Colleague: 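Pasting a structure below so you can have a look.
For ligands, and for the atoms within them, numbers begin at 1 and follow the listed sequence. Everything quoted here is computed from the prediction, not taken from an experiment.
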Amino acid sequence: MAKMAASMVGSGEDAFRKIFKFYKRRNPPPDLSDVLDFSKAVPSDTVVLAELDPAAVSDVEAARVGLKPVRDWRAFGLQGYPGFIFISNPFLLGCQPFWVRQCLKTYPQKPNICNLDMHMSPSDTEDIWGKSIHALSCPPSGKREPQTLLEKLRWVTLGYHYNWDTKMYSANHYTPFPADLHLLSSQIAAACGFPGFKAEAGILNYYRPNSSLGIHVDESELDHSRPLLSFSFGQSAVFLLGGTVRQDPPTAMYMHSGDVMVMSGQSRLLYHAVPCIIPPPQEHTTLDMAGCSLASSLQDSTVMEQVSKQDWTVCSRYIQSSRVNMTVRQVLGPGQSLPETPACHERTDEDQTVGCHDRESGKRKRSSGCDSVDTIET
Ligand code: OGA
Ligand code: MN
């Protein structure tokens with residue numbers, strides 16, 4: 001990648017933008033041969049094995065959230081990106097479906113907030129799953145059918161709800177963070193050397209076939225010494241990890257279903273983006289999803305419930321063309337607190353039509369329930 005990047009961009013240029021556009025192009029599709037694939041990675045000059053702390057999470061604790069024993073995880077670092085850890089699908093076979101179902105059925109529910117709430121009434125967004133499953137359970141008719149609410153979902157926020165317009169969190173814009181996702185996140189963080197991680201804010205991103213996520217840095221959290229975790233499910237994606245300035249050419253890597261990324265240390269504040277999603281390689285396809293039954297020995301101690309056959313029919317149909325990403329953040333360090341947002345500055349219906357454009361790019365951004373993001377853009 002570094003080779004290609006160097007040959008593509010001159011010094012002083014916005015190298016990130018150029019490479020983002022290269023991978024976002026549809027016609028003709030981009031050459032993906034330089035995209036790093038950690039699922040096939042062997043240690044080299046650029047890819048190094050990451051040291052984990054297997055003692056930080058017991059095998060039983062890991063299994064409760066659907067993870068393999070830490071000693072069996074394949075975790076990598078990248079030369080030149082200190083603090084970046086890529087864990088190649090650490091989930092136990094058959095355990096991803098539970099998390100997919102949480103993303104599609106459970107987490108979009110109130111009191112969590114989603115893009116559809118920006119322009120629809122609470123009663124209309126109350127049961128996104130229930131209002132969508134009929135259409136998604138029937139085989140496609142071949143005719144153009146109206147999109148279901150589930151297919152219109154672009155983001156959900158959890159915990160401290162990110163405000164897309166102010167790019168801030170606030171003390172009084174908070175609902176309880178899901179306990180199961182907190183447990184999953186704290187175990188990943190602990191294994192990566194961050195005991196005591198508190199999952200306080202989550203942004204879930206829903207990518208349809210032509211969606212992309214614009215170039216950005218996640219800096220709204222107050223404590224940047226805590227890692228940012230990212231979980232990928234469904235279709236694969238190209239992820240671009242850049243530097244501290246847009247002139248730094250990014251490294252392109254695949255994120256496949258089940259992959260977990262940890263951005264910590266110096267990599268916590270690097271530019272990154274998702275220019276495109278792509279079908280997973282043949283050898284990955286649905287294998288990990290095949291069994292949505294949990295080993296019975298696990299069922300007592302796990303936080304995961306069995307995914308019913310009906311639920312899995314809908315989830316598997318959705319992820320056949322889509323990707324779901326969960327990012328989990330600790331917002332506050334010891335002793336820190338967030339400001340309150342005065343009620344008069346909270347979003348009103350009128351606010352939603354303004355501020356819908358990204359000043360920098362002129363494009364519509366993730367805020368305001370537009371179809372696109374800071375952006376999932378479609
Ligand atoms: C984010 C983000 C990456 C992804 O939500 O901040 O960078 O893979 N997501 O969706
Ligand atoms: Mn991000």
Colleague: Say whether Ser230, considering both its backbone and side-chain N or O atoms, lies within less than 3.5 Å of an N or O atom on ligand 1.
Modeller: no
Colleague: Taking all heavy atoms of Glu221 and all of Arg329, pick out the closest pair and write down the distance.
Modeller: OE2-NH1, 2.9 Å
Colleague: Could you list which atoms of ligand 1 come closer than 4.0 Å to a heavy atom of Asp218?
Modeller: 6 (O)
Colleague: Report the relative orientation of the aromatic rings in His161 and His173; use parallel for angles under 30°, tilted for 30 to 60°, perpendicular for over 60°.
Modeller: tilted
Colleague: If you count the atoms of ligand 1 from 1 in the order shown, which ones are under 4.0 Å from a heavy atom of His272?
Modeller: 7 (O)
Colleague: Going by heavy atoms, is His216 under 4.0 Å from ligand 1?
Modeller: yes
Colleague: I'd like to know if the side chain of His284 reaches the main chain of Gln282, judged simply by a donor and an acceptor atom lying under 3.5 Å from each other, with no hydrogens or angles considered.
Modeller: no
Colleague: Find all atoms of ligand 1 within a distance of less than 4.0 Å from any non-hydrogen atom belonging to Arg329, and give their numbers and elements.
Modeller: 1 (C), 5 (O), 6 (O)
Colleague: Within a distance under 4.0 Å of any heavy atom of Asn325, pick out the atoms of ligand 1 and give their elements.
Modeller: 3 (C), 4 (C), 8 (O), 9 (N), 10 (O)
Colleague: Which heavy atom of Ile128 sits nearest a heavy atom of Ser132, and at what distance?
Modeller: O-OG, 2.6 Å
Colleague: Donor-acceptor pair, distance only, cut-off 3.5 Å: does the side chain of Thr302 make one with the backbone of Arg64?
Modeller: yes
Colleague: Do any nitrogen or oxygen atoms of Ser232 lie less than 3.5 angstrom from nitrogen or oxygen atoms of ligand 1?
Modeller: no
Colleague: Would Met326 count as a contact of ligand 1 if the rule is a heavy atom under 4.0 Å away?
Modeller: no
Colleague: Find all atoms of ligand 1 within a distance of less than 4.0 Å from any non-hydrogen atom belonging to Met255, and give their numbers and elements.
Modeller: 8 (O)
Colleague: Check the angle between the aromatic planes of His256 and Tyr254 and answer parallel, tilted or perpendicular using the 30° and 60° thresholds.
Modeller: parallel
Colleague: Where does the angle between the aromatic ring planes of Phe84 and Phe38 fall among parallel (under 30°), tilted (30 to 60°) and perpendicular (over 60°)?
Modeller: tilted
Colleague: Examine the proximity of ligand 1 to Met261 and report which part, side chain or backbone, both or neither, has a heavy atom under 4.0 Å away.
Modeller: neither
Colleague: For Thr327, counting its heavy atoms only, list the atoms of ligand 1 lying under 4.0 Å from any of them.
Modeller: 1 (C), 2 (C), 5 (O), 9 (N)
Colleague: With a 3.5 Å distance limit and no angle check, can you tell me whether Asn325 reaches the backbone of Phe231 through a side-chain donor-acceptor pair?
Modeller: yes
Colleague: Tell me, which N, O or S atom in His272 is closest to the Mn ion (ligand 2)?
Modeller: NE2
Colleague: If you compare all heavy atoms of Leu241 against all heavy atoms of Met263, which two are closest, and at what distance to 0.1 Å?
Modeller: CD1-CE, 3.9 Å
Colleague: What is the name of the N/O/S atom in Asp218 that sits closest to the Mn ion (ligand 2)?
Modeller: OD2
Colleague: Enumerate the atoms of ligand 1 whose separation from the nearest heavy atom of Arg323 is less than 4.0 angstrom.
Modeller: 4 (C), 8 (O), 10 (O)
